[in-house]
Every structure is written in C-alpha cells, then in structure tokens.
Amino acid sequence: MSDPDEFDEAMAVANGTPTYRPQPRPSEGVEDDLLPDWLSTGRTADRASRPSHTSRPSRSAGRSGGTGAAAPSRPGRAEAGRAERSERGGTQRDGARHAGPAAVDPWEAISRTDGKAPGFASPAGGKPDAGAAAPKDTELTRDEEGPADPHGERRAGPAPAPDAPPVASDPAAGTAAASAPATGGAEGRTDGPARPPAVSWSEARARAARAARPARPGTLPLDSALDHVLAEPVVATTDLPAFDSSAMDGWAVSGPGPWQILSADTPADTPADPPHVAAPHVQAPHADSPRAQVAGAGLLAGDPPAADLPDGHALRIATGARVPHGATAVLRSERSRVRGERLHLGPDAPTGSAAHGADVRPRGQECRSGDQLVAAGTPVTPAVLGLAAAAGHDELTVLPRPRAEVLVLGAELLRRGRPREGMVRDALGPMVGPWLTSLGAEVLVTRRLGDDVEALHEAVATSTADLLVTTGGTAAGPVDHVRPTLDRLGARLLVDGVAVRPGHPMLLAELPPAPAPTGGGSSRESRYLIGLPGNPLAAVAGLVTLAGPLVRTLAGHPAALADRADGPDRPVHLDGPDHPDRRAHPDHLSGARPWTHFAVRERAALTAAQRGHPRDTQLVPVHRPGGAGTEASPVPYTGPAMLRGIAAATHLAVVPPGGLPAGTAAELLDLP
Ligand SMILES: Nc1nc2c(c(=O)[nH]1)N[C@H]1C(S)=C(S)[C@@H](COP(=O)(O)OP(=O)(O)OC[C@H]3O[C@@H](n4cnc5c(N)ncnc54)[C@H](O)[C@@H]3O)O[C@H]1N2
Ligand code: MOO
C-alpha cells in the first residue's frame, strides 16, 4: 500500500480480536553502582554526536509521505460557524494564560503531586524548599458551560497557499506556511516547504536519551523521595537489628530447661500462652513504653534493657523485645508449658526449640553499620523508603525529577461531556500528565490553550519547566502552531519527524534558556519541548519514542543508559545475559519500578503476521496474556485516532519496516 496514512487506517481494522486476560508485569533488579558511571557517561561525546540545529534546515521543498495527498482539513476548524463558536470564548482564557506554575528555585521545585511541598536541599548548600505548586489543570478551550475565548481572539491567520514561505517573525502568518504536510517518511515529497528526512525510530529514541543529563542531586525527606533516583547509595547507619531481639512471643530462657520463671503469679500447670508473668527484676519501663500499659507482660518491644537473665531462668518476652543478657534462646509460647513456677518444653515442641540462638535475631543479622544497602542509581520505591528508614535515614540524596508542563492544543476539544457538533473530548489532557508521571516526571500543570498561537508562544517562552509537552498542532494544518512557534523562539529541533507509524510528525526541540526565574526556576542547562501529534495513538507513540528516553535521562534513571546506546534500526537479539549487546545495553536494569515500565528490548513472538510499513517502524498495540516468554497478540482498534486498542494492550510491539511474519519475535515496549 503506497499511502502511509491509508495504511495506518487499514491496519486499525485488520487485526483480529484476542482474548484478554490480566497478566503480571515483568520484574527485574537494578544493578549496583550504576549512577557514577551514568553521570560520567559521555556528555561531551553526546553533545558532539547531536545533530547541529543552529541553522534549521529549510522547509522550502515540502514534506510528505510520498502520496502528495492534500492535508485533510480538521473538522470544523476552518468553518465560519466554528470560528464564531470559538470567538464566543470561555471564561478562563486570560487567567489560564497566566496560570503556569509559579517560578520557583529548582531545589524548591521537587514537590509531590498531592500538593505537599517537601524541602529539597542541595548537598552543596542549595536552598530549602519554599514549596511548589500541585499539578494544575487549566484551560483555554471550551467546556460544557460554553466557549473558552471571552474576547473572540483567534489569532491564527487563514491557511496560506501550500507553497507560501514561512515567515518566522510573524507567528500568525508563519503558522501554516512553515508547516508542510508532515508525513515523516524518509522519502517522498509533495508541495509545501521542505523538511529534513525523518530520522529512524531508534535514532529518535537515542537522540532523546542523549539530549540531556540529570540535574544536581539534592536531599529530600523520605516522605517526598518516592520515585526519585538515588544519587548516593543508602548506607546503614547502624547494625540491623541494632540489638539482639526476640523473633517470637514466648520466653527468654537461659540454658537448658526446665526453667525457673521469674514471677510468682503464673497459674500452675497451665499452657503458657498467654501467661501472666511479672518480671520483678526488669527495670522500670519508660513512661511511654508499651510496658507502662501492660503490667506483667514481661519484656516488650521498646522496653529498656533488662537485668541479666540467670542460668536456668525464664522470662516472658514479646516479639521485637530486646533479649536480656544471659538469655540463650527464645522459646515460643506455643512450644512451652508452665507448671507452677517452672517452664517446660511443651510435649509437641520440635527438637531444638530452645537450642542456643533459637528464635533470637542477633544484632547485625541483616547488616552492619556502614554496609551499602541500596546502590546509587536505584529508583526509590516504597520498599527502599522502608529500608532507608529502618537503617536510620530521615532523608535521601536523590536526583530531581524533571518538571514538566503539558500544553493541550486544539479549539475543537471539549473538557467535559459528550462529543458534539464536530467537537471531540480532550483525550490527551487526562492521559499525558499521568503518563509523564509514570515515566518519572513531576507534572506541574496541564494547560489547554485552544488554537491561540500567541498563548502558545507565551506559554513556551515564559515557562520555567524543564520539559514542555504539547499535544496537537504538529502537522500542516492552518492552526498547527508548534513548529512555527519553535522557529519564532529560536529553538533547536533535535528530532523533526520520525519514521514511525503512527506518530510521524512528533518532534523534540531544545528551547532557549528559561527566563530569569523570580524566586526559583530550573537548575538544568536546557529546557526541552516534545511535540506530540494530536491523533491520540500517535501521541502515545510520541510518549514512548521521545518522552520515555528523555524523561528517564533527565531523571537519571538507569534504563536511560539503554536508550542512549540505541541507534539506527537494527535487529536486536538480547536473549542471553551474556550477549554482548545486553552487556553493553543494561536494559535488564529497567525492571518493573513504579515509573519505569518502559522496559526495553523485551521480546515476544507475535501471534499474527504484521504487514508493517514500507519505510517506517510501526508501533502495534499487543496483548500478552501469558506474561513473559509467551506470545503477544495484536489487538483491534488501533487506528491513529483510537485509544480503544492501546487501553486493552499490555505492550507496544515494534514492527520494523517491511513487517514481520507470524511467530517472529518483536521487541516489546511496556505500557504504564
Ligand atoms: N497533509 C497532511 N496532513 C496530515 C498528515 C500528513 O502527513 N499530511 N498527517 C496526519 C497525521 S498522521 C497526524 S498524527 C496528524 C497530526 O496532526 P497535529 O499534530 O497537527 O494534530 P491536530 O491536527 O491538532 O489533531 C489531529 C487530530 O487529533 C485530534 N486531537 C488533537 N488533540 C486531541 C486531544 N487532546 N484529544 C483528542 N483528540 C485530539 C484532532 O481533533 C484531530 O482529529 O496530522 C495529520 N494530518
Ligand atoms: O497517523 Mo499519525 O501517524 O501520526 O497518527
């Protein structure tokens, strides 16, 4: 099929309907000592290997997928009635335009999306956190209550002739002129301005991964450190356990039994559970210790040290309590029997129930003071937080997460209610922010800007976020403002179209430095903008192709190493742990961490042949009900404008140009 877009739509209905069953996510570990290597990884070389974008290639010769088809007009956008609706506007336009996150110091900017504002202190003396905004959701588009533009401003000019030259200094005029039909294939041109050939899918990923590096580390309190990457290892501040402690509720005993109970009030000849044993030789408990409330319970967790336990004696003890000096074992209550004032092994007690050391957790069993518990470069999971606390830490030294803003473009988008009158619901506003969060970004705000080119320019020019992600407006339509706005701002396009279906108009740009922050701003060298195509599945393709590698890099995630090592499309065989590619590309580190679901190089045989695109990589939503090592089935409803298929999918399969026969292994990308 020669028309790539016809191809895309045809593929949407070509796939069969598989049976869907839930499946577990893969889980892998994270290697030690990754971060130091990572931080020293070829920054200079990476910069040098970047394409030069200081002078952007001319767009004077058009850019298409080879069919010469005219750009499909976007429903209603050019219609007078539509413009009129837009001009009625909404109520939040001006407010929304200024509704970006307050400028804050980068070290103040590490905030949780629940609105808490933890301190993020640089070890090098950074400022304490003054708080950062919770993610916001603003709009410049219409909602159920009415149109969103109170002033009737619709600044984008009419669509120019297809071959009109770009006018970079005039955003309205340059809007459509600079946007040739964006088909992204490496070959085939029609009328309209020229674009450079789209880069291959894997080269695009590699460029995104190499574009940036993590910012300076800082410290965060434990309750704010989740999902950050450790910049320093977690080291034990003490032995764990810090003292010999009881592993069971029962009796601390000294020597072989029977034992004399250090109490006089235990009923005679009764099972010893629960005994009521006073421990007169135990020191007075702290006022706030459990013993203060439980008289006669023996030694409880949290009690101060007890006196030595004499040979041949027993003392009631609870799980977690400090084992007194002189005790040789803990005898579980269910394995004991009390007769009068003496404690015996119960009739069913297994051999060794009171052997030396039985049911005692010796000091240092888990670690010694100074032991490394978690390596630098490891993502902070809930378990890491727990371990860090157990090991005596109140805060962790981590890399800041990249701070992202989402700009949703399109005046045809409804924020609430049912699609109607040529308008569609905004499917990307609710999706892109959480997707970026799952990748490791801190999403500051999602703004809806309609088709207002000036609002877009202002939003991009004034943002202090590390990463801006736009949706829509990447193609050739009259109100596709993203590329012209980047031109106007002097941005460098690092990726200008990708040979992938869907999603070929996607782009990645490095923005000029942020405006001088008032009260804070980014600590990073650069700001980036990812332009996601407006077709929803194409936007997903942009997220996995560009946002995944870039965000992982900015966040310092070890999986970014594999992204950076990516290159031109090539077959990948990483089946064995000793395969040289696998050693060079530590993709096995990506694991199933909360925001690292984009494991790379996972593979599965496909149950159905994939015709593939003649020139471009194709990303195919698949479902793999059997989990790792089993086949993956393409799902139906995967047209570029559809999300039904991807919502049912577990992965995106990477189908190289030319397709794959059934049963052939395809690379799989995990989905969040
Ligand atoms: N002449 C050509 N026109 C188009 C080409 C092409 O090669 N030549 N490529 C098509 C492809 S493929 C894509 S993808 C789109 C990308 O266009 P934009 O990034 O400019 O996106 P829009 O035009 O704004 O929107 C496209 C489509 O998606 C809908 N949309 C946009 N945003 C949302 C949202 N937040 N939620 C739901 N749906 C959204 C929008 O209504 C349009 O239907 O360009 C093609 N054109
Ligand atoms: O089909 Mo478009 O490839 O980017 O959705």
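Just follow the structure's listing: the first ligand is 1, and inside any ligand the first atom is 1.
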Test side-chain contact (heavy atoms from CB on, under 4.5 Å) on L468 and R527; report intermediate values, then the result. CA-CA 8 Å; L468 286 155; R527 299 186 301 146; 4.3 Å; yes
Is it the side chain, the backbone, both or neither of [X] that has a heavy atom closer than 4.0 Å to ligand 1?
X: D480; result: side chain
X: E412; result: side chain
X: L413; result: side chain
X: A475; result: both

Should [X] be counted as touching ligand 1, given the test is an N or O pair under 3.5 Å?
X: A538; answer: no
X: G473; answer: yes
X: A427; answer: yes
X: P536; answer: no
X: N535; answer: yes

Considering the heavy atoms of [X], write down every atom of ligand 2 situated less than 4.0 Å from one of them.
X: P640; answer: 1 (O), 5 (O)
X: P505; answer: 4 (O)
X: A538; answer: 2 (Mo), 4 (O), 5 (O)
X: P502; answer: 1 (O), 3 (O), 4 (O), 5 (O)

Taking all non-hydrogen atoms of both residues, which atom of [X] and which atom of [Y] are closest, and how far apart?
X: D451; Y: A411; result: OD2-N, 3.2 Å
X: L489; Y: A461; result: CD2-CB, 3.7 Å
X: L494; Y: A211; result: CD1-CB, 3.8 Å

Measure the shortest side-chain to side-chain distance between L532 and L428 over non-hydrogen atoms and say whether it is less than 4.5 angstrom. no
Could you tell me whether the side chain of L529 reaches within less than 4.5 Å of the side chain of L508, counting heavy atoms only? no
Under a 4.0 angstrom heavy-atom cut-off, which atoms of ligand 1 come close to R425? 36 (N), 37 (C)
Could you list the atoms of ligand 1 found under 4.0 angstrom from a heavy atom of D426? 34 (C), 35 (N), 36 (N)
Without swapping roles, check the side chain of [X] against the backbone of [Y] for a donor-acceptor pair under 3.5 Å.
X: H651; Y: A653; value: no
X: R448; Y: L407; value: no
X: R401; Y: V551; value: no

Heavy atoms only: which of P430, G534, G542 is nearest to atom 28 (O) of ligand 1? G534
Quick note, salt bridge (Lys or Arg N to Asp or Glu O under 4.0 Å) partners involving residues 635-649, not counting sequence neighbours, are none
Check: N535 N/O within less than 3.5 Å of ligand 2 N/O: yes
Listing, residues 536-550 side-chain donor-acceptor contacts under 3.5 Å, not counting sequence neighbours, or none:
{"residue": "T545", "atom": "OG1", "partner": "W201", "partner atom": "NE1", "Å": "2.8"}
{"residue": "T545", "atom": "OG1", "partner": "A541", "partner atom": "O", "Å": "2.7"}

